[in-house]
Amino acid sequence: MTGTNAIAGIGLRPPHLPGLLSGTAARPGWVEIHAETFMAARPGAGSHPRLRDLERLRADLPVSIHGVGLSPGSAGGIDADHLARLVDLACRLDPVLVSEHAAWCRTPAGWIDDLLPLPMTAGALRSLADNVCRIQDALKRPLLIENPSTYLPLAGEMDEPAFLTALVRQTGCGLLLDVNNIAVSAHNLGGDARAWLAAMPLAAVGEIHIAGHTAEPDPDDPAAPALLIDDHGHPVADPVWDLLDQALAATGPVPVLLERDTDLPPWAVLIAEAARADLAIDRVRP
């Protein structure tokens, strides 16, 4: 599913499983799951019903694993049990890709139900790189790391493209380039999305994410620019489609994944959006 074989996929959510398994829903080229939705209770444990359904689907449809709870950016390291369960899931599914985020969501008190951005500092880079190397060693394969969306500027020593370029160089990981997150972050922080994208380590891109976002006005200042929220609850916006074209022009054909997590539309709507992504990939095929 790389190079000239690259195609578009859709983020699989549990309500999609019955239609795909019964054959009543059209199949995309591949699907991506959130690891934590399907992990077994412990490594080696029997499959629960949802995981059994996914294992049946995996028999004839490529699956990628996208982690949202491992917290690679945590200064305190990776949770060993969580990592072991991720490795167990990867062994069961033999995924085409495995990815996580350049973000953190774990504290000594527990997990935070959000992906929080990292300060772009040498110390944060060191912690993230150490954790990425540990994850890759456990998985015995390269990991793709996704750029998160951001809403407020954080003090740092470098910008996100320089931070991720250094991460790729130090760990050998790939980049999951989320062009919607670039659109959201550039708008909220006042940057140029196209320049932001162009500065990313595009030679390391192994997958691209597209998604929708929403604009939230400031209730105290209606004249102020709205804040863009990466909610995965709306159709992909035109500026994000433009960024996808820009990214693919630089990378050539790579897999593109459509994310939708809230306000799920009929499956046919997602298939149509994925078909538009396939056309974008086709335009850069040799």
Side-chain angles (χ1 to χ4, degrees), residues 1-3 5-6 9 11-12 29-48 50-52 54-55 57-59 61-106 111 115 118 124-148 163-178 201 203-209 251 254-257 259:
M1 204 179 62
T2 58
N5 295 323
L12 176 73
W30 56 290
V31 294
E32 184 167 276
I33 62 157
H34 285 169
E36 288 72 14
T37 304
F38 293 92
M39 283 177 171
R42 62 185 182 282
S47 301
H48 50 75
R50 184 181 293 172
L51 180 53
R52 282 198 295 274
L54 180 61
E55 288 169 328
L57 186 67
R58 174 66 184 93
L61 185 65
V63 172
S64 73
I65 295 177
H66 189 48
V68 295
L70 193 52
S71 196
S74 287
I78 295 295
D79 180 83
D81 177 68
H82 199 118
L83 178 57
R85 293 170 65 208
L86 176 66
V87 172
D88 177 71
L89 185 66
C91 290
R92 293 170 189 255
L93 298 178
D94 188 22
V96 290
L97 299 166
V98 182
S99 55
E100 250 288 355
H101 299 81
W104 64 280
C105 59
R106 185 169 65 86
W111 271 263
L115 294 167
L118 297 168
L125 175 61
R126 190 160 49 248
S127 294
L128 178 60
D130 288 347
N131 292 335
V132 167
C133 287
R134 183 179 171 192
I135 298 167
Q136 293 184 140
D137 288 347
L139 288 169
K140 297 182 173 55
R141 61 187 298 166
L143 184 69
L144 301 180
I145 287 292
E146 178 182 336
N147 54 299
F163 185 86
L164 292 176
T165 298
L167 178 71
V168 167
R169 185 175 62 249
Q170 292 180 21
T171 68
C173 74
L175 178 65
L176 196 175
L177 180 68
D178 191 313
V205 172
E207 180 186 347
I208 297 175
H209 272 184
T251 64
V254 295
V256 176
L257 190 282
E259 293 185 297

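Residue indices begin at 1 and follow the sequence shown. We use all heavy atoms of the structure for the numbers below, so side chains are in, but hydrogens, waters and symmetry mates are not.
Shortest non-hydrogen contact noted between L97 and G206 is CD1-O, 4.1 Å. Minimum interatomic distance between P201 and V168 (heavy atoms only, all atoms of both residues): CG-CG2, 4.3 Å. Heavy-atom minimum distance, G73 versus L118: O-CD2, 3.5 Å. Taking all atoms of both residues into account, the shortest heavy-atom contact from P148 to A102 is CG-O, 3.4 Å. A pairwise comparison of heavy atoms in V96 and P62 identifies CG1-CB, 3.9 Å as the closest pair. Annotation for V31 and L61: closest pair CG1-CD2, 3.8 Å, computed over non-hydrogen atoms.
Put simply, the side chain of F163 reaches to within 4.5 Å of the side chain of L128, judged on heavy atoms. Between W30 and P255 the shortest side-chain heavy-atom distance falls below 4.5 Å. For the pair E32/V63, no side-chain contact is recorded, criterion being any heavy-atom separation below 4.5 Å from C-beta on. Considering only heavy atoms from C-beta on, V87 stays 4.5 Å or farther from P43 through its side chain. Contact check for S71 versus C105: side-chain heavy atoms found under the 4.5 Å cut-off. Side-chain contact check for L257 versus E207: some heavy-atom pair is nearer than 4.5 Å.
Taking D178 as the reference, N181 meet the side chain to side chain donor-acceptor pair (under 3.5 Å) condition, with sequence neighbours excluded. When the side chain to side chain contact (heavy atoms under 4.5 Å, CB included) test is applied to L89, the partners found at least two apart in sequence or on another chain are I33, A35, F38, M39, L51, I65, L93. Residues passing the side chain to side chain contact (heavy atoms under 4.5 Å, CB included) test with A45 are A40, R42, sequence neighbours excluded. In this structure, T251 has no side chain to side chain donor-acceptor pair (under 3.5 Å) partners at least two apart in sequence or on a different chain.
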Quiz prompt | side-chain contact (heavy atoms from CB on, under 4.5 Å) evaluation trace for R141 with V98 | solution = CA-CA 9 Å; R141 61 187 298 166; V98 182; 3.8 Å; yes
Self-check item: Pair E55-R58, side-chain contact (heavy atoms from CB on, under 4.5 Å): steps then yes or no
Solution: CA-CA 5 Å; E55 288 169 328; R58 174 66 184 93; 5.5 Å; no
Quiz item: Given the rule in the side-chain contact (heavy atoms from CB on, under 4.5 Å) test, do V205 and L176 qualify, once you have shown the distances and angles that lead to the verdict?
Solution: CA-CA 6 Å; V205 172; L176 196 175; over 6 Å; no
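Here S64 contributes atom OG and L144 contributes atom CG; the two are 9.0 Å apart, rounded to the nearest 0.5 Å. A distance of 12.5 Å separates CG in L12 from CD in E259, rounded to the nearest 0.5 Å. N147 CG to L164 CG: the interatomic distance, rounded to the nearest 0.5 Å, is 6.5 Å.
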Can you list, pair by pair, the side-chain donor-acceptor contacts under 3.5 Å of residues 132-139, counting residues two or more places apart and other chains?
residue, atom, partner, partner atom, Å
R134, NH1, I78, O, 3.1
Q136, OE1, L143, N, 3.0
Q136, NE2, T171, O, 3.1

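Pairs engaging residues 78-102 under the side chain to side chain donor-acceptor pair (under 3.5 Å) rule: E36-H82, S47-R92, H66-S99, H66-H101, D88-R92, H101-E146 [sequence neighbours left out].
With hydrogens and angles ignored, the 3.5 Å screen pairs a side-chain donor or acceptor of W111 with a backbone N or O of G69.
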